[in-house]
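Notes follow once the structure below has been shown.
Labels below follow one simple rule: chain letters A, B, ... track the order of the sequence lines, proteins then strands, and each chain is numbered from 1.
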Amino acid sequence: MEALVSKPVEASPSPPPQTSHHHHSRLQQQQRRSLLSAATSIAHLRQLHAHLLKLGARDVSAPLLSKLLAYPLSSASPSSLHYALCVFRRVPDPPTPLCNRLLKELSRSAEPRAALLAYARMRRDCVPLDRFSFPSLLKALARVAAEGEGVGVGREVHGLAARLGFDSDPFVQTGLVRAYAGYGCVDDARRIFDHMSHRDLVAWGVMLDGYYQSGSYASVLKLFDEMKLSSTAPPDQVALVTVLSACGRTRNLNAGRDIHSYIIDGGVEMDEHLRGALINMYASCGSMVHAQQLYDQFCLKNLVASTAMVFGYAKTGMIDLARSIFDEMEERDLVSWSAMVSGYVECGRPQEALALFNEMRGHAVKPDRITMLSVISASADLGALDNANWIHVFVDRNGFWDIASVNNALIDMYSKCGSLSRAYRVFVEMPLRNVISWTSMINGYAMHGDGESALKLFDKMKAEGVEPNEVTFIGLLYACAHSGLVDEGRKIFSSMVDDHGVNPKYEHYGCMVDLLGRAKQLGEAMELIEKMPFPPNVIIWGSLLGACRIHGDLQLGELAAKKIIELDPDHDGAYVLLSNIYAKASRWQDVVEVRKLMKSRGVLKERGCSWIESNGKVHEFAIADESHSRSSEIYVKLDEVVKELEFSGYVPDTHSVLVDLDEEEKKKAILMHSEKLALSFGLISSAGKGSCIRITKNLRVCEDCHSFMKAFSGVFGKDIVLRDRTRFHHFKDGVCSCKDFW
DNA sequence: CTAGGGTTAG
């Protein structure tokens, strides 16, 4: 290529005589043009251009730009777009059609903003715009608007189009509808749409999509009905796709079915998009049988349809089916990976979520902030601090550190992983705190039983003028309940109603019943339940039942359990708590009756298990688990610890064993609880090397394990942080942070 | 020489 360029130019060693100069130069110009037209890529063109400039050639920008526009700029790199714009700036008096072609290309490109720069140049140099200029320009505006740009330039362009008399051109009007919808001014968009003298399928499609993008799903359906009545042409596939998506978003299966019938009855041709949209509609509405039927008819399973299937199965709890479809996909994008990851999180399988996240990174798919929220939530559920630290580093290194929602999730994650100090650090260091940040931190204190800090933070929050919401109050009441701050809790509850205008919901009443019940004010708790403006539900009765278990109130406990079982016959917790109450009162016959009842109704007690992290790996233990590779060592160590503790006065408390066994067997059973196995493993692995041992349990810790852990922390001088289903216990020097109040 | 619309998660 070098030779190709230099030959003709360097062939003139000395300045030619005046007379032939003009002729010679025209020859050169021609040669250059033919050179340009021989170029095969934008990069090639750039090199030629650079050469010509270096040789002091005359302006070639106009033919160069023409040539550039022959390539699809829409798929060009940002630097190439910038280059095209630079060339454009050098074209003297560019003709409007050439500008329009540039506008069109730039508006479709990865940098729609570049079209606005071209527009600015046209305005500056008084290049006249015509009716063909506006549709591209407006498309660029709509795309920039989606990035969060204000409506200012949009209104300016609209004004210009009106001054030039183009605002009655249907193409311009359609562009305006789209641009206004993009800015979120969907009412302005609709006004223009209504003023259109002729609405074709594209105009309807744009208006429908405008409503869809702005989240006005009901308006999509309404407009679709209007379209069926008043449009000159019946709705086409594009319109139907948008309407079906709106049905999916709103879980409106009935409307979705109607559209499906409309398609079949009207003989609308099923293209790939439309079938995908139908599958998505059924999957989003949880109607997986129909989704699967349509999916099976697909010869080529496309990305969108497969993702919709993954999402649908994950949402309906059939996570393994979701995974098998996911595994069969030959192509996956951010959305499909994220759908699968969040599916695992939502069905309580954080380890698989995190494993899949790592696999996703291995496939060089970059997570976005939403994916990160799922992953942080998985890490929170897992409760493993090393893993949490790793996720935090990932967040910082990948540019998510300044996003409020991500930081809020990190606060929650660290709280749930047992590190309030790290949670607080995130809270302090984040650039902008919102009400959720304060609420997350308050909730963190609540989980750890530090009611005083929660209340202090609440005061600070109010002092900074941040208005608490109903979730904030759940955290505050929970904090009071779990720290025995009865009067403070009562005050918060009335201040919530009187000063902040928050109407208490089930959760708030539940916390209050909990608070009063724990403080042995069972009568007052019952009064509150009777005073509630809505019928008590499982949460309320559950709170009361929990309190009855603590205080051994048989009569009220039986009532609460009966109510729960009436409302939810499969509520395993109610049976378990009730039998705990009977066991505590040594009413073994009743314990047996409850067990029989459970069995006959097929109610299964959720299997208790505990996790502990060692060397970045999470080890899981079930009761009497022998599946761990170091199982025998674990039992030897456990035996050693038990002997030591018994020597110091620990006596196994067998009251919570609900199976009918003799005392010795009960003792054996209780010593094989999963949290004790996890602790023992911690002692023989690197998990026990640090200053404290961190264990997570899926259910509530039982009373014996609680006193076992306390005794351990005193005798062995090692702290334990145990997370159970609802809160944290910090065992240190023989006492627990919950003050035996949980 | 030139113009406008579609699908998937949270």
Side-chain angles (χ1 to χ4, degrees), chain A residues 62 65-66 69-70 94-105 107-108 129-142 161 166 169-179 181-182 193 196 199-210 212-213 220 235-249 271-281 283-284 291 301-312 314-315 322 326 329 331-346 367-377 405 409:
Chain A
L65 183 61
S66 234
L69 290 174
T96 299
L98 182 69
C99 296
N100 291 348
R101 274 181 59 200
L102 180 70
L103 282 177
K104 180 183 93 173
E105 287 300 330
S107 73
R108 292 174 173 178
L129 283 88
D130 65 11
R131 64 198 171 93
F132 294 110
S133 315
F134 285 95
S136 301
L137 182 57
L138 290 166
K139 181 196 172 92
L141 283 176
F166 297 137
D169 181 299
F171 278 69
V172 177
Q173 288 172 319
T174 305
L176 284 167
V177 170
R178 192 162 132 86
F193 179 78
M196 290 177 75
R199 295 180 207 99
D200 63 7
L201 283 173
V202 179
W204 284 98
V206 167
M207 193 62 236
L208 284 169
D209 188 57
Y212 180 77
Q213 296 300 337
V220 175
D236 63 348
Q237 282 114 327
V238 180
L240 288 163
V241 165
T242 306
V243 179
L244 282 169
S245 305
C247 296
R249 281 295 169 101
D271 71 5
E272 205 189 332
H273 280 311
L274 186 53
R275 198 192 295 270
L278 265 172
I279 290 173
N280 176 57
M281 181 277 295
S284 296
K301 319 273 184 215
N302 78 26
L303 178 70
V304 174
S306 301
T307 305
M309 294 298 290
V310 167
F311 168 71
K315 259 280 149 63
F326 179 80
M329 291 170 70
E331 184 200 359
R332 297 172 204 148
D333 66 356
L334 173 64
V335 180
S336 29
W337 282 98
S338 301
M340 195 65 233
V341 170
S342 76
Y344 276 127
V345 177
E346 265 161 52
D368 68 356
R369 47 181 235 107
I370 305 296
T371 320
M372 288 320 295
L373 291 178
S374 274
V375 172
I376 295 170
S377 155
S405 55

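A:Ser338 comes within 4.0 angstrom of a nucleotide base, judged by non-hydrogen atoms across all strands. Using a 4.0 Å heavy-atom criterion, one finds that A:Leu103 contacts no nucleic acid atom at all. Contacts of A:Gln237 with the nucleic acid, taken as non-hydrogen atoms under 4.0 Å apart, include base atoms. When heavy atoms are screened at a 4.0 angstrom cut-off, A:Val206 is found touching the sugar-phosphate backbone but no base atom. Nucleic acid contact class of A:Asp200 (heavy atoms, under 4.0 Å, all strands): base. Within the 4.0 angstrom heavy-atom criterion, no nucleotide atom of any strand lies near A:Phe134.
Closest to the side chain of A:Ser284, from the set B:dA9, B:dG6, B:dG4, is B:dA9. Checking B:dA3, B:dT7, B:dT8 against the side-chain heavy atoms of A:Phe171 singles out B:dA3 as nearest. Distance from the side chain of A:Lys139 is smallest for B:dG4 among the nucleotides B:dC1, B:dA3, B:dG4. The side chain of A:Arg131 has B:dA3 as its nearest neighbour among B:dA3, B:dT7, B:dG4. Looking at the side chain of A:Pro135, the nearest of the listed nucleotides B:dG6, B:dA3, B:dT8 is B:dA3. Side chain of A:Asn280, nearest nucleotide from B:dG4, B:dC1, B:dT8: B:dT8. In the set B:dA9, B:dA3, B:dG6, the nucleotide with an atom closest to the side chain of A:Thr242 is B:dG6. Among the nucleotides B:dA9, B:dA3, B:dG6, the one closest to any side-chain atom of A:Lys104 is B:dA3.
Considering only residues two or more places apart in sequence or on other chains, A:Arg131 meets the salt bridge (charged side-chain N to carboxylate O under 4.0 Å, His left out) condition with A:Asp169.
When the side-chain nitrogen and oxygen atoms of A:Gln213 are compared with OP1 and OP2 of B:dT7, one or more of them lie within a distance under 4.0 Å. Distances shorter than 4.0 Å separate none of the side-chain N or O atoms of A:Arg101 from OP1 or OP2 on B:dA3. In terms of phosphate contacts, A:Tyr344 brings no side-chain nitrogen or oxygen within less than 4.0 Å of OP1 or OP2 of B:dA9. Checking the phosphate oxygens (OP1, OP2) of B:dG6, a side-chain nitrogen or oxygen of A:Arg178 falls inside 4.0 Å. Proximity of A:Arg249 to the phosphate of B:dA9: a side-chain N or O atom is located under 4.0 Å from OP1 or OP2.
Proximity of a side-chain donor or acceptor of A:Ser338 to a complementary backbone N or O of A:Val335 within less than 3.5 Å is not detected. A:Ser377 contributes no side-chain N or O that, together with a main-chain N or O of A:Leu373, makes up a donor-acceptor pair within less than 3.5 Å. Looking only at distances, a side-chain donor or acceptor of A:Asp236 sits under 3.5 Å from a matching main-chain atom of A:Ala239. At least one donor-acceptor pair under 3.5 Å links the side chain of A:Arg332 to the backbone N or O of A:Phe326.
Contact annotation: side chain of A:Asp236 to base of B:dG6, donor-acceptor pair absent below 3.5 Å. Judged by distance alone, with hydrogens and angles left aside, A:Asp271 brings a side-chain donor or acceptor within reach of the base of B:dG6, the pair sitting under 3.5 Å.
When the P atom of B:dA9 is taken as reference, atom CE of A:Met281 falls 14 Å away, rounded to whole Å. Atom NZ of A:Lys315 is separated from atom P of B:dA9 by 9 Å (rounded to the nearest Å). Whole-Å rounding puts the A:Leu141 CG to B:dA3 P distance at 17 Å. Computed from coordinates, the A:Ile279 CD1 to B:dA9 P distance equals 13 Å when rounded to whole Å. Here B:dA9 presents its P atom at 14 Å from CE of A:Met309, a figure rounded to the nearest Å. Distance, A:Asp130 CG to B:dG4 P: 13 Å, rounded to whole Å.
Between A:Ser136 and A:Asn100, the closest side-chain pair of non-hydrogen atoms is not below 4.5 Å.
Taken from NE2 in A:His273 to CG in A:Asn302, the straight-line distance is 8.0 Å, to the nearest 0.5 Å.
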